[in-house]
Structure formats: C-alpha cells, structure tokens
Amino acid sequence: MQERYDPAAVEGSAQAAWQAANAFAADESAPGEKYYCLSMFPYPSGRLHMGHVRNYPIGDVLARFMRMQGRNVLQPMGWDAFGLPAENAAMANGVPPAQWTRDNIAYMKGQLQSLGLAIDWSRELATCDADYYKWNQWLFLRMLEQGIAYKKTGTVNWDPVDQTVLANEQVIDGKGWRTVAVVEKREIPMYYFGITKYADELRAALDHLPGWPERVRTMQANWIGRSEGVEVDFPYGEDTRALLGRDGALRVFTTRADTLMGATYVAVAAEHPIALAAAKERVELAAFIDECKQGSTMEADLATQEKKGLPTGMTVRHPLTEQLLPVWVANYVLMGYGEGAVMAVPAHDERDFEFAQKYSLPVRTVVGSASGQYDTVTAPWREAYGEAGLLVDSAEFTGLDSATAVNAIAAALGQRGRGARRVQYRLRDWGISRQRYWGCPIPIIHCPDCGDVPVPDKDLPVRLPENLVPDGGGNPLAKSASFLHCDCPRCGAAAQRETDTMDTFVDSSWYFLRFASAGNDRAMVDARADYWLPVDQYIGGIEHAILHLLYSRFWTRVMHTLGLVKTPEPFANLLTQGMVLNHIFHRTPATGRRQYFNPADVDLTVDPATREAKATLRSDGSTVTYEGLGTMSKSRGNGVDPNALTGKFGADTARLFMMFTAPPEQSLEWNEEGVLGANRFLRRLWKAVFDHVSAGGAVPGTLVAEAIAGNALSSADRDLRRAAHQTLAKVEDDIGRRRIFNTAVASVMELLNAVGKHAADAAGSQPAARAVRQEALEIAVMCLAPIVPHVCHELWQSLGHGGELWRTRWRQSDPAALVQDAMEIVVQVNGKLRGRVSVASGASDEVVRAAALADAAVRRFFEGREPKKVIVVKGKLVNVVV
RNA sequence: GCGAGAGUGGCGAAACUGGUAGACGCGCAGGUCUUAGAAGCCUGUGGGGUAACCCGUGAGAGUUCGAGUCUCUCCUUUCGCACCA
C-alpha cells in the first residue's frame with residue numbers, strides 16, 4: 001500500500017474494476033427486493049454544473065447503500081435531449097441541433113462517469129432518439145383514439161418581425177428576445193392532453209403519497225385548485241336578447257352561492273363573447289377590450305392592478321328575484337377560469353366592493369356575522385365582509401347560516417333549472433403543440449380531402465430530420481420539402497405533415513418507464529416495467545415540483561388506464577435536493593451593463609460590530625458590491641467548474657464535500673475551505689489505514705474474531721469496539737431511514753478520531769488492540785463506501801479483502817459490542833445540570849436515585865432540605881426538584 | 001392576499017420520540033515538527049466572571065419536574081401560487 005493518497009490513481013483503478021465486473025448492470029431475475037433509484041435526467045447543455053455534482057451523488061449514495069443492503073438495484077441515466085437551447089446554439093454556431101446535442105451528451109457522459117456513479121449505462125437513452133420518441137407518437141395516437149388528446153385553437157406569442165412563434169421564455173417584458181418587437185397574441189390550432197379529466201384523481205392520490213415532501217404535495221394540490229361551488233344562470237334581459245338575437249342565459253361560477261341575494265351586477269372578462277358582442281355597438285368598449293389584451297402579459301402586476309371596467313349596456317335577470325342587473329366588462333375577471341363571468345356581490349367580496357365603489361354600483365348586505373352583528377357592513381361602506389355568517393335580507397333564506405344557505409339556494413336554483421352544484425378546477429388542459437423544430441414530431445398528416453389523419457402505427461416513427469439549422473424565422477420543418485410532403489395514408493392524395501412538435505415535458509413524462517423496458521423495439525413497455533415501477537426513490541430539483549412531476553403522474557395514469565402499466569403512480573418516494581449557492585459580487589458602471597465577479601477573485605470580510613459586508617476585488621483592491629448568496633449561474637459569474645474541483649481533488653472529495661456540508665434537502669453553500677476539509681479527512685482516513693497496515697499487516701478476519709471471542713480486550717479496546725458498532729448502526733439509520741448523510745459522515749469522523757487515540761495509546765500495539773482497530777477501520781470503510789466509493793474500494797483491499805466492496809453485504813452491528821458495564825447518568829437540580837454519576841448498567845431506578853442524591857456536587861443544592869420530587873429517566877438522567 | 005417552510009457560536013451545521021444545547025467540520029488562537037514555509041500533529045475555542053457560578057437556540061407569554069423541540073401572540077426571512085369568483 002502506498003503512503004500517499006493519490007485520488008487520480010485510486011479513482012482510475014476503482015472505475016476500471018467496476019467496469020470489468022459490469023458491476024452495476026441491473027438484472028430483473030437477480031435475487032433481492034427491487035430498488036429503483038432514479039435521479040432526474042439532465043438536459044445536455046454542454047457541461048455539468050455544480051448542481052449535477054450534488055444531485056447525482058445523492059442518488060448514488062442511496063443506490064450503493066441499498067445494493068449493500070442486499071436490494072436488487074436499478075440506477076439508470078439518460079438525456080432530456082430535445083429543447084430550445086439546442087436551436088439557439090444552432091443559430092449561434094450554424095451547427096445542427098442534433099450534432100450539438102450528441103456532442104454534449106458524449107462530453108457530459110464522460111463527466112458523469114468520472115464521478116464514479118453506479119449506473120447501468122446499458123439502459124441509457126436520449127429523448128431525441130427515434131426509438132424513444134417513436135413511443136411518444138404511439139401513445140399520442142392511443143390518446144387521440146381515447147379522446148384524451150384533442151385539437152382546439154390556442155393562444156401563442158407571435159413575433160411580428162421574425163414572423164415566428166415564441167416560447168414563453170423568449171418573451172421578455174412583452175417583447176421578443178431577438179427582435180425586441182412587441183409580442184402579439186395569435187390564435188392557432190393546437191393539440192391538447194385532457195389532464196383535467198384526471199384532475200380529481202391526481203389530487204386525491206396526493207393523500208396517498210406519504211413518501212413525498214408535504215411542500216410538493218401542497219404545491220400540486222394548489223395547482224390543481226379544486227373548488228366546490230354552484231354554477232348559476234342569469235337569464236338575458238330584453239335588451240340582451242335583442243342585441244344577441246337569441247334567448248339564453250349568462251352562466252357564472254361561484255363558491256359563495258349564499259350571497260346570491262346580494263348580487264347587484266354581473267361582470268364578464270374582456271374576452272367573453274358577451275363583451276365582444278357589445279363591443280360591436282360601442283367604440284369605447286372595443287378600445288377597452290384591446291387595452292386589457294395588451295396589458296395582460298405581466299402576470300405579477302395583475303393582482304395589484306387597479307380595477308377598471310365599462311358597462312356593456314346589457315342586462316340580465318337575477319335567477320331568483322327576476323330583478324334586472326347590469327352587465328359590466330371588468331379587467332379583474334379572468335376568461336381562463338370558471339365561465340369567465342362572475343356574479344358581483346360588493347358587500348361580501350373585496351374585489352367587487354372596490355369596483356362598486358369606483359363606479360357607484362349598489363352594495364347590498366345579505367350576510368352578517370354569526371353573533372348577529374353586521375354593523376360593519378352597513379352604510380357608510382368601508383370594506384366587504386368576506387366571512388361566512390348568518391343570512392339577512394335574503395327572502396326565505398334569511399336566518400340560515402352560510403353553509404346551509406349554499407345548499408338551499410343551490411336547490412332553489414335547481415328547481416328553476418337555473419343552477420347546480422359543480423366542482424371547478426384551476427388546472428387547464430395541457431397544450432403540447434410547439435411551433436419548434438427540435439422536438440418530437442406530432443404524428444398527424446393534413447390531407448386536403450380527409451382532414452387531419454393520424455399516422456398509422458406501421459409508419460411510426462415519424463422521423464425528425466437531423467440536418468436542419470434553424471435561422472430564427474419560423475420552424476425549419478415547414479421549409480423542409482422532404483419532411484413536409486407526403487401521401488395521405490387514407491386516400492393517397494398529396495398531403496402535408498404536421499410541423500408542430502411536442503412540448504419537451506412530454507418526453508420527460510415517461511422516460512423512467514422506458515429505462516425499465518430498455519431495448520424493446522416491439523413495445524413501449526413490457527413486464528420489466530411492472531417489476532421495477534414505481535420508482536422507489538426519485539431525486540431532483542424543487543423547480544420540477546409542479547409541471548414535470550404532475551405531467552409524469554398524469555402520463556403514468558393514462559398508461560395505467562390503457563392497461564400498459566400496473567402502477568397508477570410513478571414515484572413512491574421523492575427527495576427534492578437543495579441548490580448549490582455561492583456569493584454574488586458586482587459593480588455597476590456609470591454607463592453600460594452591470595459587471596459580475598467570480599467569488600474566487602474577491603475578498604469578503606464582515607465587520608463584527610456593524611455586521612456590514614465589505615468586498616474587495618483582489619486584482620485592483622477596490623470595493624465591489626456584495627449581493628448575497630444565490631444559485632450558481634453563468635450570468636452572475638459565480639459558478640465553479642466541476643472539472644476544476646474533481647481535477648484537483650478527485651471525485652471522492654467532491655462527493656464528500658457535497659454530502660457532508662448540508663443535508664440533501666437544504667441549500668448548500670459553496671466553500672473552498674470546506675472542500676479542503678473534505679480532502680483532509682480522506683487523507684487522514686488513508687493514513688489511518690496505512691499506519692495500521694504498515695505496523696504489522698492487515699489482521700485476518702479469523703484472528704479478529706478470536707480476539708473478540710477471547711478475554712484479551714482491554715476497556716479501551718471495548719470502548720473502541722462499542723464506538724465502531726454504534727457508528728455502524730447510526731450510519732445505517734441515517735442513510736437508510738433518515739436520508740441524512742452529513743450526520744452519517746460526522747459519526748464516521750468521530751470513529752476515526754477514536755481509532756487515532758486508540759492507536760496512540762500505550763497498549764495500542766497489543767495484538768488484541770490491533771484486531772479491534774482492524775475491525776473499526778473495516779467498519780469506517782464500509783460506512784463510507786456509498787459516499788466515497790473509490791477510496792473505499794482501495795482501502796478495503798488494503799485491509800485484506802477482495803475488490804468487491806460494492807456488493808459486500810452491510811455488516812450487522814454486534815449487540816455484544818454495544819453492551820456497557822457502567823453508564824453515566826446526568827443529575828439535574830430544578831432542571832439545571834449539576835452533576836454526573838456513574839452507575840452499573842441496568843441499575844434499578846432506586847439505585848440510580850440513591851446514587852444521584854448521594855453525589856456531593858448535587859447535595860450542595862438542597863443542603864438540609866428534603867427534595868420535593870425526584871424524576872428518574874431510565875438510562876439518562878435524574879432531576880431533583882427542591 | 002393565500003399556502004408551505006426557516007430563524008441555534010465568527011461560519012456550515014448537530015441535537016430524530018420534550019431529557020446533558022452547539023456533535024462533526026470550517027475558521028481562529030497557542031504549542032510542536034522544520035533553516036523557513038506548506039502540509040502534519042497536539043491543545044483550546046458560545047458570552048460574562050479570578051472563581052463558585054450566571055446568561056444563552058429571533059422577541060414575548062404559556063404548558064411541564066424539565067422546552068431549541070409542544071401551544072399562543074408578534075418580528076424577520078425563504079419559497080410557491082397569485083384578481084381562481
């Protein structure tokens with residue numbers, strides 16, 4: 001064994017050994033309970049960032065740990081390879097997105113492999129591979145057949161200069177990112193997935209996902225946004241009938257049907273058909289509607305925007321009183337939710353109240369507080385009373401409480417055919433059409449005679465041409481004759497392919513199922529998917545809490561409905577890892593753009609008195625502004641290249657730093673000294689094994705067992721044994737149950753400190769002492785194997801074992817080692833720590849109590865008085881109350 | 001506005017079920033080795049006090065023999081949703 005720890009050599013030989021043994025290939029027929037460990041696959045952006053260096057080792061620790069626990073582990077990896085950045089890079093460099101993407105994949109795969117991840121690379125996939133996206137298309141066709149996928153017009157961002165559709169992220173402050181032209185809204189036909197059909201299922205099932213963070217479940221529940229209410233029809237008044245030329249009713253949705261008797265007007269969204277009809281008669285209304293359309297891009301401002309509106313001049317009749325109510329167009333009513341129309345009850349809704357005050361509309365109080373006091377809502381009006389309560393001035397409903405009134409009013413409406421209870425969701429159907437090149441083609445052919453014809457299964461996949469280079473002016477597929485022109489599969493006439501591609505969220509909605517059915521060219525999934533699914537542990541960023549995780553759940557449910565997979569839910573346990581943060585420094589010059597500086601080039605000191613941060617740039621010695629901590633990003637200049645980290649210290653140091661500095665779910669602060677600390681620990685670990693081995697060789701297991709069984713152990717030896725076995729149990733619990741790795745590492749550090757002390761001890765060179773130390777070092781190496789696998793692979797062999805630590809069964813901690821002769825009991829007086837006494841292990845409460853009361857340090861506090869009460873907590877402490 | 005978290009030394013953090021607050025690491029200080037430095041190694045390190053002790057987990061109250069942990073009020077902060085009728 002070499003004296004110096006050389007990470008490059010150690011990592012090279014460990015990785016070569018794993019590859020030679022094909023160590024991480026997953027086999028469905030292997031023994032052990034299955035364990036599917038999955039980290040969210042990366043987008044091949046070019047190179048790994050620090051977030052990846054944290055994320056993937058987290059999954060790897062679990063995968064390696066579970067393998068040592070005897071589980072049959074699958075840990076696959078792939079590439080989320082379609083998407084906009086490839087098109088942008090293509091435009092910048094003139095390279096086709098396919099080439100750019102595949103080059104990036106090759107490079108990043110090398111980086112991932114150098115991290116020593118226990119991945120089954122034989123199942124690797126990229127979503128831009130035709131044998132993957134073929135099945136997107138295949139399932140899309142099944143969804144069309146089932147009516148789950150359908151076509152309707154949708155709104156897109158249109159750049160009038162480039163004559164192209166823009167993705168939302170290409171719209172900045174309402175302007176196109178390249179042209180800076182004001183973006184327009186356009187209505188075009190698009191395909192949708194009917195996720196709202198599954199809204200209730202998806203929401204209800206959240207309650208049965210105990211392995212998901214509460215936070216994520218809440219976010220999804222809010223996103224789905226279920227609310228129970230009543231839909232109410234307000235019949236058209238005479239004037240409305242005349243204007244529209246037909247009879248009918250204006251439908252609204254309300255969760256506060258109890259306030260129906262207080263409705264004094266009805267408000268509709270600017271895009272509502274009634275508003276559009278009225279606008280034909282009124283110029284100022286048409287102008288107002290245009291204004292609303294313009295302003296509607298910045299969603300964050302909407303909530304604070306001033307309430308505005310105009311009357312339509314039309315009226316509707318109150319469904320119960322037949323009273324005529326005016327219809328207004330209001331900017332606070334959303335077309336996208338409910339019916340795009342609301343009944344306005346100014347007395348009991350803040351928004352309606354604000355609006356009514358502004359336009360002098362009547363306010364009518366119909367609910368008072370339960371105690372009968374409702375003076376706050378009588379004139380002069382100050383605010384709306386939004387709480388539930390008892391109904392007043394509400395005809396036959398007067399005196400009912402709000403909940404009862406909702407039922408009674410819904411029933412009354414039902415009798416007249418003017419309303420019914422209904423559940424409303426915030427969730428919209430999922431529009432999947434993208435007017436982009438680098439994505440999965442939607443398998444539809446447009447025939448002049450037959451209309452939209454699905455591509456027959458036998459013609460799948462519809463291959464995306466890989467040699468096109470986008471130029472910013474529209475979708476290159478529409479200009480590619482060989483892609484565009486085809487024959488109608490139904491009538492044979494000349495036809496055109498659909499040029500829209502699918503949202504990349506479609507690609508990532510089922511890749512975890514394909515990993516489990518890798519290589520099957522006859523079916524999307526097979527029985528292997530039922531073996532591996534659901535994913536036992538899914539790991540990824542919180543930024544995917546809603547869209548990706550909801551779409552994947554939806555897609556899995558669709559496949560479940562179609563009988564393709566047994567599980568309705570894809571991910572049993574979810575771990576959302578925190579981000580990697582670094583300091584941000586900048587200067588803002590008098591003219592020009594803000595300039596950012598890498599934290600490595602800046603000295604940051606904090607004044608202990610004022611707590612003010614002072615940052616100076618080392619190169620010129622003058623001040624820079626400290627912005628605080630933020631995610632590592634190129635634009636803020638605070639990134640650290642993973643290659644610089646692994647190149648200098650090795651993958652194990654990188655992994656240890658990531659696992660030790662913070663628990664997985666928390667954000668982690670980049671810290672150069674912390675990396676050095678991690679590296680220092682690995683060198684100490686190496687040296688501890690080296691010292692042990694060079695002082696007389698590794699002690700064979702038989703001799704260790706003999707020494708333990710015999711009677712030769714000193715009390716120092718027994719203490720070390722106990723520490724080792726306690727560590728073993730703690731690490732197993734921390735990784736296996738708590739999913740907290742920093743404390744696991746800390747406990748191994750303690751063990752190593754104990755080994756060092758034990759070795760330095762006068763009797764440390766005795767054969768029995770060496771045997772105990774051999775065992776302790778083996779335990780330390782075993783505990784660290786999931787976290788720093790390369791160095792452990794090497795040290796395990798140095799300790800006299802073979803090269804298969806990766807599949808060595810985790811040791812059970814020895815109960816005999818944990819037994820203690822004496823235990824220390826803490827003695828408190830009135831809850832304050834006053835002393836410690838040592839008693840025999842398993843001593844009775846009486847003995848412990850007597851020992852505590854006899855202690856001189858304790859007696860001082862109740863000299864001459866009798867303790868009022870003595871509480872004994874078994875094995876821990878005694879509290880004397882005086 | 002609504003919802004979910006978080007607040008502990010100079011710093012990252014630990015304390016899981018109410019039971020020794022600050023494990024482990026970083027930083028810092030002193031010592032040792034060295035021609036010197038780097039790297040090691042050893043010791044110390046929440047604040048106050050010569051000491052006995054006292055004070056300390058954002059603030060204030062409460063429950064309890066005992067509260068970082070439970071309850072209430074408030075402050076600060078992060079994240080998500082945001083005119084959702």
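Residue A/Lys868 is out of contact with every strand shown, counting any heavy-atom pair closer than 4.0 Å. Residue contacts for A/Asn879: at a heavy-atom cut-off of 4.0 Å it reaches a base atom on one of the strands shown. Across all strands, A/Lys730 comes closer than 4.0 Å to base atoms (heavy-atom distances). Using a 4.0 Å heavy-atom criterion, one finds that A/Val881 contacts the sugar-phosphate atoms exclusively. Within the nucleic acid shown, A/Arg428 has no heavy atom closer than 4.0 Å to any nucleic acid atom. Using a 4.0 Å heavy-atom distance criterion, A/Val870 is classed as making no nucleic acid contact. Backbone-only engagement by A/Gln666 is indicated by non-hydrogen atom pairs under 4.0 Å involving sugar-phosphate atoms exclusively.
The separation of B/rC11 from B/rA82, taken at their P atoms, amounts to 36 Å, rounded to a whole angstrom. Here the separation of B/rG22 from B/rA15, taken at their C1' atoms, is 8 Å to the nearest Å. Across B/rU69 and B/rG7, the matching P atoms stand 11 Å from one another, rounded to whole Å. B/rG19 and B/rC70: their P atoms are spaced 11 Å apart (whole Å). Remark: the separation of the P atoms in B/rG27 and B/rA38 is 13 Å, to the nearest Å. Separation of the C1' atoms belonging to B/rA21 and B/rG66 is 14 Å when rounded to the nearest angstrom. Separating the C1' atom of B/rG9 from that of B/rG60 is a span of 24 Å, rounded to the nearest Å. Going from the C1' atom of B/rC79 to that of B/rC28 covers 35 Å, rounded to whole Å.
Atom pair A/Leu833:CG and B/rG19:C1' shows a separation of 11 Å (rounding to whole Å applied). For the pair A/Asn830 CG and B/rA67 C1', the computed distance is 16 Å after rounding to whole Å. Distance A/Tyr332 OH to B/rC83 P: 14 Å, rounded to the nearest Å. One can place CD of A/Gln726 at 16 Å from P of B/rC16, the figure rounded to the nearest angstrom.
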Please tabulate, for side-chain N and O atoms in residues 577-585 of chain A, each donor-acceptor pair with protein atoms closer than 3.5 Å (sequence neighbours left out).
residue: A/Gln577; atom: OE1; partner: A/Gly541; partner atom: N; Å: 3.3
residue: A/Asn582; atom: ND2; partner: A/Asn638; partner atom: O; Å: 3.1
residue: A/His583; atom: ND1; partner: A/Tyr626; partner atom: OH; Å: 2.6

Could you pull out every donor-acceptor pair under 3.5 Å between side chains of residues 874-882 of chain A and any protein atom, sequence neighbours left out?
residue: A/Lys874; atom: NZ; partner: A/Asp845; partner atom: OD1; Å: 2.9
residue: A/Asn879; atom: OD1; partner: A/Gly831; partner atom: N; Å: 3.0

Distances for protein N/O vs nucleotides 2-9 of chain B N/O pairs under 3.5 angstrom?
none

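Distances shown here put a side-chain N or O of A/Arg834 below 4.0 Å from the OP1 or OP2 atom of B/rC54. For B/rG19, the OP1/OP2 oxygens have no side-chain nitrogen or oxygen of A/Lys876 closer than 4.0 Å. For B/rG40, the OP1/OP2 oxygens have no side-chain nitrogen or oxygen of A/Arg4 closer than 4.0 Å.
Contact check for A/Phe355 versus A/Pro346: no side-chain heavy atoms found under the 4.5 Å cut-off.
Closest approach of A/Gln424 and A/Tyr337 over heavy atoms only: CG-OH, 3.3 Å.
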Given protein heavy atoms under 4.0 Å, the one-letter contact record of nucleotides 22-28 of chain B, with B base, S sugar-phosphate only and - none, is simply -BBSSS-

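For the strand RNA chain B, secondary-structure stems (runs of at least three Watson-Crick or G-U pairs, all distances below 3.5 Å) span B:1-7 with B:75-81, B:10-12 with B:24-26, B:27-32 with B:40-45, B:46-48 with B:53-55, B:58-62 with B:70-74.
Residues satisfying the ring-ring contact (aromatic ring centres under 6.0 Å, His included) criterion with A/Phe253, sequence neighbours excluded, are absent altogether.
Glycosidic conformation of B/rG9: syn, with the torsion inside 90° of 0.
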Check the pair A/Phe681, A/Trp686 against ring pair (Phe, Tyr, Trp, His ring centres under 6.0 Å), reporting the backbone distance first and the verdict last. CA-CA 9 Å; A/Phe681 173 69; A/Trp686 184 277; over 10 Å; no

